[in-house]
Number of protein chains: 2
Amino acid sequence: MVTPVTFKKSAEVTEETCREAGMTIAELLGRVGGKWTIFVIIMLSEGPRRFSELKRDIEGISQKVLTSTLRDLEKDGFVTRKVTPSIPPRVDYALTELGQDLRGPLMALSSWAVVNRNRVAAAREAFEARQTEEPAKIAYFR
Amino acid sequence: MVTPVTFKKSAEVTEETCREAGMTIAELLGRVGGKWTIFVIIMLSEGPRRFSELKRDIEGISQKVLTSTLRDLEKDGFVTRKVTPSIPPRVDYALTELGQDLRGPLMALSSWAVVNRNRVAAAREAFEARQTEEPAKIAYFR
DNA sequence: CAGCATCCTTCACGATACTG
DNA sequence: CAGTATCGTGAAGGATGCTG
């Protein structure tokens, strides 16, 4: 099974459109490139979650970072924050329509990472090997 | 015109596959999320470039950062580095096949950023507005 | 429970100077 | 030209303690 993802050619990214778009792309990558952002989005892709659920299921994240990550995503309109003023309080987070829309290209990139992990790993080993040997350099002048 | 991009469902990214993939996705986003990485990839998408060309055309980047960005991309196998030991020296950078492959999902995400920039901007303004007002809070208890 | 406040460490990025 | 070396800075992330 194949999930098709399309995007308009008119939105093609070149050196030209890059200047025109200003820092838009870098901004998005900066946001999405946060250490934990992608995991939060993946979690919320499966449905709304409470703060404590996210905290528990995303192993290793601190509550401070989770809070700021969610706040940033809220600012950009990717998630909603619904407070239920009970005791104890309850806060539910969910993806907005904008957040859902982002999933397509983001998951495409994630899938690429998973599918091509071996190629990257191989490239890293090859690079390491190149650095370790370094044979013909001094010998060249003898 | 529409450029279709497809990816296998088998590479779907869920909470499960996320653990299984370890930090792969976060690693890629970390690399690609570097402040200048995307611009370097976009430049090289149009063909091989010399170091000085990249330095000149990517406004604002320092040579130190450009060097390390290119070195990182080389380590992961996204670009090649070809040295011509002339005087003055000449170094050409180009995308590898792996780097070319990455362009698809990366440009899809970039296009999304360009197309949806207004929605994000609107969301930010709405968020700001929400913070500025903050009316029903004390009044609620009177 | 869901945070905010505070302090601390690390590191990406930047500016500058020097070199084969 | 294409780097390396060094120093400085701010922002991101993390640990801990306190609170409505």
Side-chain angles (χ1 to χ4, degrees), chain A residues 23 26-40 43-44 48-76 79-94 131 134 136-138 140-141, chain B residues 23 26-40 43-44 48-76 79-94 130-131 134 137-138 140-141:
Chain A
M23 297 297 287
E27 269 180 56
L28 179 66
L29 282 173
R31 172 76 5 114
V32 147
K35 193 173 177 181
W36 301 99
T37 312
I38 184 97
F39 296 117
V40 171
M43 284 283 318
L44 293 180
R49 290 281 188 283
R50 295 186 59 172
F51 183 88
S52 52
E53 293 180 307
L54 293 170
K55 174 81 175 62
R56 186 187 335 111
D57 293 344
I58 304 175
E59 254 170 89
I61 195 172
S62 68
Q63 85 282 49
K64 178 198 163 186
V65 172
L66 178 56
T67 299
S68 73
T69 300
L70 286 166
R71 201 69 81 246
D72 287 341
L73 287 172
E74 191 194 355
K75 278 181 199 170
D76 287 349
V79 308
T80 55
R81 179 172 180 270
K82 193 178 69 179
V83 180
T84 305
S86 55
I87 296 180
R90 174 198 178 98
V91 182
D92 291 270
Y93 292 92
Q131 301 312 92
E134 202 81 26
K137 193 174 184 182
I138 307 296
Y140 196 79
F141 296 102
Chain B
M23 297 298 286
E27 269 180 55
L28 179 66
L29 281 172
R31 173 77 5 115
V32 147
K35 192 173 178 181
W36 300 101
T37 312
I38 184 92
F39 296 118
V40 172
M43 284 283 318
L44 294 180
R49 290 281 188 283
R50 295 186 59 172
F51 183 89
S52 52
E53 292 179 306
L54 293 170
K55 174 81 173 64
R56 186 185 337 109
D57 293 343
I58 304 176
E59 255 170 89
I61 195 171
S62 68
Q63 84 282 47
K64 178 198 163 186
V65 172
L66 178 57
T67 300
S68 73
T69 299
L70 287 166
R71 201 68 81 245
D72 287 341
L73 287 172
E74 191 194 357
K75 278 181 199 170
D76 287 349
V79 309
T80 55
R81 180 172 179 270
K82 193 178 69 180
V83 181
T84 307
S86 54
I87 294 182
R90 174 198 178 97
V91 181
D92 290 272
Y93 292 91
R130 254 175 283 154
Q131 301 312 91
E134 201 81 26
K137 192 175 184 181
I138 307 294
Y140 195 79
F141 296 102

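Chain identifiers are assigned alphabetically (A, B, ...) following the order of the sequence lines, protein sequences preceding nucleic acid strands; residue numbering begins at 1 within each chain.
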In whole angstroms, how far is the [atom2] atom of [N] from the [atom1] atom of [X]?
X: A/Glu53; N: C/dG3; atom1: CD; atom2: P; value: 13 Å
X: A/Leu66; N: C/dG3; atom1: CG; atom2: P; value: 8 Å
X: A/Ile58; N: C/dA2; atom1: CD1; atom2: P; value: 13 Å
X: B/Asp92; N: D/dA2; atom1: CG; atom2: P; value: 8 Å
X: A/Leu70; N: C/dC1; atom1: CG; atom2: P; value: 17 Å
X: A/Arg49; N: C/dA2; atom1: CZ; atom2: P; value: 13 Å
X: B/Arg31; N: C/dC11; atom1: CZ; atom2: P; value: 14 Å

To the nearest 0.5 angstrom, please state how far the [atom1] atom of [X] sits from the [atom2] atom of [Y].
X: A/Tyr93; Y: A/Glu74; atom1: OH; atom2: CD; result: 7.0 Å
X: A/Arg49; Y: A/Ile58; atom1: CZ; atom2: CD1; result: 10.0 Å
X: B/Arg56; Y: B/Met43; atom1: CZ; atom2: CE; result: 8.5 Å
X: A/Arg90; Y: A/Phe51; atom1: CZ; atom2: CZ; result: 14.0 Å
X: A/Thr69; Y: A/Ile38; atom1: OG1; atom2: CD1; result: 12.5 Å
X: A/Glu53; Y: A/Leu44; atom1: CD; atom2: CG; result: 10.0 Å

Side-chain heavy-atom pair A/Leu66, A/Trp36 within 4.5 angstrom cut-off: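 The answer is no, as the side chains (C-beta and beyond) never meet within the 4.5 Å cut-off.
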Any [X] side-chain N or O less than 4.0 Å from OP1/OP2 of [N]:
X: A/Arg50; N: C/dA2; result: yes
X: A/Tyr93; N: C/dC1; result: no
X: A/Ser52; N: C/dC1; result: no
X: A/Arg71; N: C/dA2; result: no

Applying a 4.0 Å non-hydrogen cut-off, can you work out what A/Arg81 is touching in the nucleic acid: base, sugar-phosphate, or nothing?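 Sugar-phosphate only.
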Please check: side-chain N/O of A/Thr84 versus main-chain N/O of A/Ser86, any donor-acceptor pairing under 3.5 Å?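 Not confirmed, A/Thr84 side chain does not pair with A/Ser86 backbone.
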With distance as the sole test, does B/Thr37 use its side chain to make a donor-acceptor pair with the main-chain N or O of B/Arg31 at under 3.5 Å?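 Answer holds: yes.
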At what angle, to 10 degrees, do the two end axes of the helix from C/dC1-D/dG20 to C/dG20-D/dC1 meet, given five pairs define each axis?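 Between the axes fitted at each end of the helix from C/dC1-D/dG20 to C/dG20-D/dC1 lies an angle of 50°.
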Among D/dA2, C/dA2, D/dC1, the one nearest B/Phe51 by side-chain distance: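 Of all the options, the side chain of B/Phe51 is nearest to D/dA2.
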Heavy atoms under 4.0 Å is the rule here; annotate nucleotides 8-20 of chain D 5' to 3' with B where the base is hit, S where only the sugar-phosphate is, and - elsewhere. -----BBBBB--B
